> 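Just passing along the structure, written as structure tokens.
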Amino acid sequence: MKNNALQESLSRRFRKLLSGAPDGVPPWLEVVARGNEPGFYLPTDAPWVVHGNFSTLVGGVRALLMQALHPGSLTGVSEHSRYEQDPLGRLSGTIRWLTVTTFGSIEAINGEAGRVNRMHKTVSGEYETSTGEIKGYRAGDKDLLLWVHVAFMDSFLRAHQNYSKTPIPGGADSYVALWSKSVQPLGLKTAPMSEAELLETLEDFKSKLTVTEDTKAVISWIRKAPLPLVAKPVYALLFQSALASMPKEYQLMIGLKPWPLWFLRPVTTSLLSFMRFAIGPESPIEDAALARLRRAGAISD
């Protein structure tokens, strides 16, 4: 099915907001389309299904909130990120990695991992731990990579479970195990392989999490991100949905009381479904990935 004129206009505006591309064509579309080989995932795999769903809009906000609770990842963002000056630029960089790793070829994935690894080499410094110790860090440190990975993984998983009606192929365990491949090219060879292991890893990190004045400032910025006026009401709902899906202990650390989950689940699920309908059935990224998989013989028509 093709988008009608209104859907195509809305779709182009939506893609422009997320990618920063003036014409609404994400610069990583060509990267996903290129080549004649498969990638890590097929359309029937859990990561493809989860990351192709609009619930990722909630998951992305939730992941940022979780990452802010670790003083190491917080310092890396605060001192080496342009999020305040160019919030959509940083967002598009994250979306690029997620999209290429989910839908791209092996060559594209390795190329994107190389780009991220080169960026990580320039990110280093010191931060104060939850116990007051001053600790040196590099963005490529295994403990920081693991925290960022599980924060993303848990956030996209919980957002999908709460705000999508689409079943996850193989369930949560399949998503966790398959998405663990995504961080291997970044240098993280050991990651949770089941939902139980994911929860154990999050539990292990609890003693390392803390909230400082810098944390509060970043969380306040996330809460009131400088988005276009028309996007602010929707973003406010996405923020509340992200916060409500977090564990209670995280909510208490953040110091914000979310709207009730029983209210947000149907409202946010309906909103995301309407947004999907409004921008139409076409998905340029997934269509490009599917065409490449057909050329590779990985799937048939």
Side-chain angles (χ1 to χ4, degrees), residues 28 31 40 59-102 104 106 108-156 176 179-193 197-198 200-219 221-222 250 253:
W28 49 86
V31 177
F40 281 167
V61 177
R62 187 184 187 277
L64 293 178
L65 290 172
M66 283 187 66
Q67 289 175 40
L69 297 177
H70 191 296
S73 61
L74 174 77
T75 303
V77 169
S78 299
E79 295 184 351
H80 298 275
S81 170
R82 64 189 190 280
Y83 76 93
E84 289 184 309
Q85 296 77 25
D86 184 18
L88 295 182
R90 181 175 185 271
L91 174 64
S92 68
T94 302
I95 293 174
R96 177 186 176 113
W97 175 80
L98 178 76
T99 302
V100 172
T101 305
T102 303
I106 296 295
I109 293 169
N110 289 333
E112 183 61 18
R115 181 187 72 86
V116 173
N117 285 333
R118 288 190 296 272
M119 291 175 56
H120 282 175
K121 288 181 179 179
T122 67
V123 178
S124 61
E126 294 181 336
Y127 70 91
E128 185 176 340
T129 69
S130 59
T131 59
E133 175 189 357
I134 301 301
K135 182 177 181 179
Y137 77 92
R138 300 186 65 86
D141 289 347
K142 298 299 185 287
D143 61 327
L144 292 183
L145 284 176
L146 180 59
W147 170 248
V148 171
H149 173 61
V150 296
F152 268 113
M153 176 186 284
D154 189 65
S155 293
F156 286 127
V176 172
W179 189 236
S180 68
K181 294 181 184 179
S182 69
V183 287
Q184 291 177 5
L186 298 180
L188 186 62
K189 304 304 181 183
T190 303
M193 294 297 291
E197 289 184 8
L198 170 61
E200 289 175 7
T201 304
L202 291 171
E203 185 68 28
D204 290 342
F205 270 106
K206 276 187 180 179
S207 63
K208 300 178 182 179
L209 307 183
T210 187
V211 171
T212 64
E213 290 304 313
D214 287 340
T215 314
K216 293 176 182 177
V218 170
I219 289 174
W221 187 93
I222 296 171
Y250 291 177
M253 290 179 69

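Note that the structure is a prediction, hence the values are computed from the model and not measured. We're numbering straight along the sequence, starting at 1.
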> Please report the shortest heavy-atom distance between L198 and M153, naming the atom on each side.
CD1-SD, 3.9 Å
> When you compare the side chain of T94 with that of L64, does any pair of heavy atoms fall below 4.5 Å?
no
> Assign the ring pair H70 / F205 to parallel, tilted or perpendicular, where the plane angle (0 to 90°) is split at 30° and 60°.
perpendicular
> Let me confirm one number: the CD-CG distance from E112 to L98, rounded to the nearest 0.5 Å.
10.0 Å
> On a heavy-atom basis, which atom in V100 and which in A108 lie closest, and how many Å separate them?
CG1-O, 3.5 Å
> Measure from the side-chain N and O atoms of T215 to the backbone N and O of L69, and report whether any donor-acceptor pair falls under 3.5 Å.
no
> Is the closest basic N to carboxylate O distance between D143 and K135 below 4.0 Å?
yes
> Before giving the answer on side-chain contact (heavy atoms from CB on, under 4.5 Å), spell out for S182 and H149 the whole-Å C-alpha distance, their side-chain angles and the decisive distance to 0.1 Å.
CA-CA 9 Å; S182 69; H149 173 61; 4.0 Å; yes
> State whether the side chain of S180 and the backbone N or O of A191 hold a donor-acceptor pair below 3.5 Å, judged by distance alone.
no
> Supply the atom-to-atom distance E133 CD to E126 CD, rounded to the nearest 0.5 angstrom.
10.5 Å
> I need the K181 NZ to T102 OG1 distance, nearest 0.5 Å.
12.0 Å
> Just by distance, do the side chain of R62 and the backbone of F156 share a donor-acceptor pair under 3.5 Å?
no
> To the nearest 0.5 Å, what is the distance between CG on N117 and NZ on K121?
7.5 Å
> When you measure from the side chain of S155 to the backbone N and O of A63, does any donor-acceptor pair fall under 3.5 Å?
yes
> How far apart are the closest heavy atoms of L144 and S73, and which atoms are they?
CD2-N, 3.9 Å
> Quick one: OG on S124 to CG on D141, what's the gap to the nearest 0.5 Å?
9.5 Å
> Go through the steps to decide whether L209 and W147 satisfy the test side-chain contact (heavy atoms from CB on, under 4.5 Å), and finish with yes or no.
CA-CA 10 Å; L209 307 183; W147 170 248; 3.9 Å; yes
> List the atom of G140, the atom of L145, and the distance in Å for their closest heavy-atom pair.
O-CD1, 3.5 Å
> For residues T210 and S130, report the shortest heavy-atom separation together with the two atoms involved.
CB-CB, 3.9 Å
> Please tell me if the side chains of V176 and E197 come closer than 4.5 Å, counting only heavy atoms from C-beta onward.
no
> Would V218 and D214 satisfy side-chain contact (heavy atoms from CB on, under 4.5 Å), going step by step from the backbone distance to the final call?
CA-CA 6 Å; V218 170; D214 287 340; 5.7 Å; no
> For residues K208 and P71, report the shortest heavy-atom separation together with the two atoms involved.
O-CD, 3.3 Å
> Can you list the steps and then say if W28 with I95 is a side-chain contact (heavy atoms from CB on, under 4.5 Å)?
CA-CA 9 Å; W28 49 86; I95 293 174; 3.6 Å; yes
> Rounded at 0.5 Å granularity, tell me how far OG1 in T101 sits from CG in L186.
7.0 Å
